[in-house]
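If you read the sequence from its start, that first residue is 1, and numbering goes on from there.
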Amino acid sequence: FGYTSIESLVKGKFPEVEVSNEGIKVRGTNSFGLSNTALIIIDGVQSDWSALKSLVVTNIKKMEILKGPAAARYGAGGGNGVLYVQTASR
């Protein structure tokens, strides 16, 4: 893919996502009164932005953005969208 960092990979694959120092924000989603950053799931485990940034880009097998009903399975934490990552080691 030619991506050299997680930030460039996320920006390149998902134009609806904003990347900042705090994490990622999925445009069009925002839970009232909660954090406005998306939930990050890596290999089925809730993670954070620093864990995501520590991944090696070439080790990512699958990455997708879940919004709305698809994100609801993750509860209130998924209200701002979910970035789901599956690594090649899984």
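- The side-chain heavy atoms of Phe14 and Val19, taken from C-beta on, include no pair separated by under 4.5 Å.
- Within the 4.5 Å cutoff, side-chain heavy atoms of Ile6 are placed close to those of Ile60.
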Determine whether Leu9 and Met63 satisfy the following criterion, side chain to side chain contact (heavy atoms under 4.5 Å, CB included), listing intermediate values before the conclusion. CA-CA 9 Å; Leu9 174 62; Met63 182 181 279; 3.8 Å; yes
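- Between Leu52 and Val85, some side-chain heavy-atom pair lies under the 4.5 Å cut-off.
- Using a distance-only test at 3.5 Å, with no hydrogens or angles considered, a donor-acceptor pair links the side chain of Ser47 to the main chain of Val45.
- Atom CG of Leu83 sits about 6.0 Å away from atom CD1 of Ile40, to the nearest 0.5 Å.
- Distance check, rounded to the nearest 0.5 Å: CG of Leu39 to OH of Tyr84 gives 12.0 Å.
- Under the 4.5 Å side-chain criterion, counting only non-hydrogen atoms from C-beta, Val82 is not in contact with Arg73.
- Between Ile41 atom CD1 and Gln86 atom CD the span is 13.0 Å, to the nearest 0.5 Å.
- Taking both residues in full, the closest heavy atoms of Ala71 and Gly81 are given as CB-CA, 4.5 Å, listed atom of the first, atom of the second, then distance.
- For the atom pair OG of Ser5 and CG of Leu55, the computed distance is 12.0 Å after rounding to the nearest 0.5 Å.
- Here the side chain of Asp43 pairs a donor or acceptor atom with the backbone of Thr87 at under 3.5 angstrom.
- Distance CD1/Ile65 to CD/Glu16: 6.0 Å, rounded to 0.5 Å.
- Taking CG of Asn21 as the start and CD of Glu7 as the end, the distance is 8.5 Å to the nearest 0.5 Å.
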